[in-house]
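These notes are about the structure you will find just below.
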Protein chains: 2
Amino acid sequence: MSEGRAIPEATVARLAVYLRVLGSLSDGGLSTISSEALANAAGVNSAKLRKDLSYLGSFGTRGVGYVVEVLRERISTCLGVSEHRSVVLVGVGNLGHALAGYGGFRSRGFRIAGLFDADRRRIGEEIAGLCVQAMAELAEVVTQESVSIGVIATPAEAAQEVCDRLVAAGVTSILNFAPAVLVVPDNVDVRKVDLAVELQILSFHEQRKAAGLQVVL
Amino acid sequence: MSEGRAIPEATVARLAVYLRVLGSLSDGGLSTISSEALANAAGVNSAKLRKDLSYLGSFGTRGVGYVVEVLRERISTCLGVSEHRSVVLVGVGNLGHALAGYGGFRSRGFRIAGLFDADRRRIGEEIAGLCVQAMAELAEVVTQESVSIGVIATPAEAAQEVCDRLVAAGVTSILNFAPAVLVVPDNVDVRKVDLAVELQILSFHEQRKAAGLQVVL
DNA sequence: AGCCGCTTGTGAACGTGGGCACAAAGTCGC
DNA sequence: GCGACTTTGTGCCCACGTTCACAAGCGGCT
């Protein structure tokens with residue numbers, strides 16, 4: 001399978017994980033790694049890992065493994081984070097604050113190009129070296145800094161409106177932390193992270209475990 | 001399909017979303033809803049929604065739809081959040097702070113039973129009405145308050161150790177925000193949320209969109 | 001009471017993703 | 001230079017999840 005092949009969504013998510021794991025490994029000075037070793041470190045099956053990598057072309061060496069640096073570069077390029085990508089963050093409440101200060105974005109290929117909030121009292125506040133700006137400035141920043149990704153960390157009520165403004169400004173990918181369903185044009189991608197949903201899924205499994213025990217007792 | 005049937009993971013995730021949507025709808029005074037309407041509000045296909053609900057039994061009325069209150073109760077029970085479930089949160093840094101203050105947990109069926117941090121300087125700090133406690137107290141709180149879910153919001157380096165302590169204390173489900181792969185016994189469930197991975201997935205799609213345009217130009 | 005229209009519940013087809021197992025291909029030692 | 005060993009790349013199969021399409025069932029209207 002060569003470059004042009006469609007890459008499954010599930011594979012993309014794992015590629016990002018491999019990249020992260022490779023980051024810690026290459027700090028350890030390891031120059032080459034086998035699919036087995038990397039798969040263990042990433043918590044997946046080694047066959048799955050090889051199949052995932054095969055979507056990027058075949059550049060491993062049989063009998064040896066993959067050259068860590070080559071692998072990192074290949075995955076970075078594929079994910080489009082070989083150079084820093086700019087994002088804007090809207091909503092600097094509780095969660096937005098934390099996201100703005102999260103070092104992992106920078107180290108994993110992203111640069112926060114602007115912070116925005118609808119609350120006038122928050123404008124001008126400095127967080128992690130950036131000033132919170134008014135929503136009116138959004139479009140300009142997006143254009144100027146060629147931002148393609150927007151992060152929404154507002155309350156649910158505001159999410160759709162913020163989303164519309166991001167899209168209007170030219171953003172084509174959105175990461176939504178607000179517990180709301182967003183409606184967007186076809187060419188815009190949305191990923192949602194709902195913290196309570198994650199907990200509820202765990203809660204479901206707890207429920208099942210408990211039910212299983214009932215039978216035993 | 002009656003109660004006892006195994007429910008697919010994907011369905012569970014959506015049930016949580018349906019529950020959230022129903023929350024806003026029932027505030028609107030609507031007493032009954034069709035699969036079509038709910039599916040639209042939740043952003044899914046109506047056939048999928050009906051199949052999802054069918055795992056919980058069949059309690060819709062043909063020609064009418066589902067009674068909102070019955071639906072909410074059914075889903076709540078299935079997810080194990082019909083009464084509040086206790087969680088502990090470890091790591092009150094940037095992100096942990098935000099999580100501790102997030103109102104969505106309480107309103108969606110969870111109660112934070114304790115905040116913990118390894119940093120001695122943080123102990124005693126009050127966040128959202130709770131005092132940050134030392135890790136030494138973890139086991140006692142987990143037992144006393146019958147906590148089954150632990151949330152890890154520590155740096156990656158500390159995650160595995162914290163995880164081990166949670167498991168040792170009796171926690172059987174873990175929500176991990178640290179960018180690290182956790183190793184746990186078989187009976188423990190782990191869900192991970194990696195913010196940078198989410199962005200990288202979006203970045204990948206941006207990359208593809210850009211590549212597509214190249215061809216056109 | 002009977003018919004009509006609406007909505008549920010589900011069987012069956014389809015597509016995607018995961019896992020196994022093995023052939024191909026390379027390295028290392030002698 | 002050759003053989004044994006290691007590891008990749010992938011064809012095949014299976015299971016899971018999604019979608020379609022429709023029969024069955026219920027309420028309301030006449």
Side-chain angles (χ1 to χ4, degrees), chain A residues 1-18 22 25 30-72 74-75 78 201 204-205 208, chain B residues 1-18 22 25 30-72 74-75 78 201 204-205 208:
Chain A
M1 296 191 186
S2 64
E3 284 262 6
R5 193 67 80 267
I7 303 181
E9 191 72 21
T11 292
V12 175
R14 284 190 299 266
L15 285 175
V17 175
Y18 304 152
L22 285 168
L25 285 177
L30 203 58
S31 72
T32 181
I33 190 168
S34 72
S35 64
E36 188 72 31
L38 182 53
N40 277 344
V44 301
N45 182 305
S46 72
K48 197 189 317 195
L49 180 139
R50 287 198 300 275
K51 187 165 287 191
D52 285 342
L53 294 184
S54 77
Y55 286 107
L56 309 187
S58 63
F59 48 93
T61 309
R62 296 175 192 226
V64 177
Y66 302 89
V67 178
V68 174
E69 275 314 310
V70 173
L71 201 46
R72 288 182 68 178
R74 279 292 207 151
I75 298 178
C78 171
I201 294 171
F204 165 79
H205 290 295
R208 295 227 107 193
Chain B
M1 296 190 186
S2 64
E3 285 261 7
R5 193 67 80 270
I7 303 181
E9 191 72 21
T11 292
V12 175
R14 283 190 299 267
L15 285 176
V17 175
Y18 303 153
L22 285 169
L25 284 178
L30 203 59
S31 72
T32 180
I33 191 168
S34 73
S35 64
E36 189 71 31
L38 182 53
N40 277 344
V44 302
N45 184 303
S46 72
K48 197 188 316 197
L49 181 138
R50 286 199 300 275
K51 185 158 284 193
D52 285 342
L53 294 184
S54 78
Y55 287 106
L56 308 187
S58 63
F59 48 94
T61 308
R62 297 173 192 226
V64 177
Y66 302 89
V67 177
V68 174
E69 275 315 309
V70 172
L71 201 47
R72 288 182 68 178
R74 279 292 206 150
I75 298 179
C78 171
I201 294 171
F204 165 79
H205 290 296
R208 296 226 106 192

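Side chains included, hydrogens not; waters and symmetry mates left out as well; all remaining heavy atoms used. Convention: sequence-line order gives letters A, B, ...; per-chain numbering from 1.
Pairing each heavy atom of B:Cys78 with each of B:Ile7, the nearest pair is SG-CD1, 3.8 Å. In this structure, A:Ala6 and B:Arg208 approach most closely via the heavy-atom pair CA-NH1, 4.0 Å. Across all non-hydrogen atoms, the minimal contact from B:Tyr18 to B:Leu49 is OH-CA, 3.6 Å.
Atoms CG (A:Leu53) and P (D:dT10) sit 11 Å apart, rounded to a whole Å. Across the protein-nucleic acid pair, A:Glu9 atom CD and C:dG18 atom C1' stand 16 Å apart, rounded to whole Å. Taking atom CG of residue B:Asp52 and atom P of nucleotide D:dC16, one finds them 16 Å apart after rounding to whole Å. In this structure, A:Leu49 atom CG and C:dG18 atom P are separated by 12 Å, rounded to whole Å. The separation between A:Tyr55 atom OH and D:dG11 atom C1' is 12 Å, rounded to whole Å. Put simply, CG on B:Leu71 is 11 Å from P on C:dT8, counting in whole angstrom units. Distance, A:Lys48 NZ to C:dA21 C1': 17 Å, rounded to whole Å.
Panel note: side chain B:Arg74, backbone B:Leu56; a donor-acceptor pair is recorded below 3.5 Å.
Taking CG from A:Leu15 and OH from A:Tyr55, the interatomic distance works out to 10.5 Å, rounded to the nearest 0.5 Å. Interatomic distance, A:Ser46 OG to A:Asp52 CG, rounded to the nearest 0.5 Å: 11.0 Å. Between the CD1 atom of B:Ile33 and the CG atom of B:Leu38 there is a distance of 4.5 Å, given to the nearest 0.5 Å.
Contact between the side-chain N/O atoms of A:Tyr66 and the OP1/OP2 oxygens of D:dG9 is found at a separation under 4.0 Å. Put simply, B:Asn45 has no side-chain N or O that comes within less than 4.0 Å of OP1 or OP2 on D:dG17. At D:dT18, none of the side-chain N or O atoms of B:Arg50 fall inside 4.0 Å of OP1 or OP2 (strictly under the cut-off). Distances shorter than 4.0 Å separate none of the side-chain N or O atoms of A:Lys51 from OP1 or OP2 on D:dT10.
For the contact set between residues 34-42 of chain B and DNA chain C, defined by any heavy atom under 4.0 Å, the members are B:Ser34, B:Ser35.
In this structure, the nucleotide among D:dT18, C:dG19, D:dG9 sitting nearest to the side chain of A:Ser58 is D:dG9.
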Under the criterion side chain to side chain contact (heavy atoms under 4.5 Å, CB included), I'd like the reasoning laid out for B:Phe59 against B:Leu71: C-alpha separation, chi angles, the key distance, then a yes or no. CA-CA 8 Å; B:Phe59 48 94; B:Leu71 201 47; 3.3 Å; yes
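The side chain to side chain contact (heavy atoms under 4.5 Å, CB included) test with B:Tyr66 is passed by exactly one of B:Leu53, B:Leu22, B:Thr61: B:Leu53.
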Quick one: which protein N/O atoms are closer than 3.5 Å to N/O atoms of nucleotides 26-30 of chain C? Pair and distance per line, please.
none

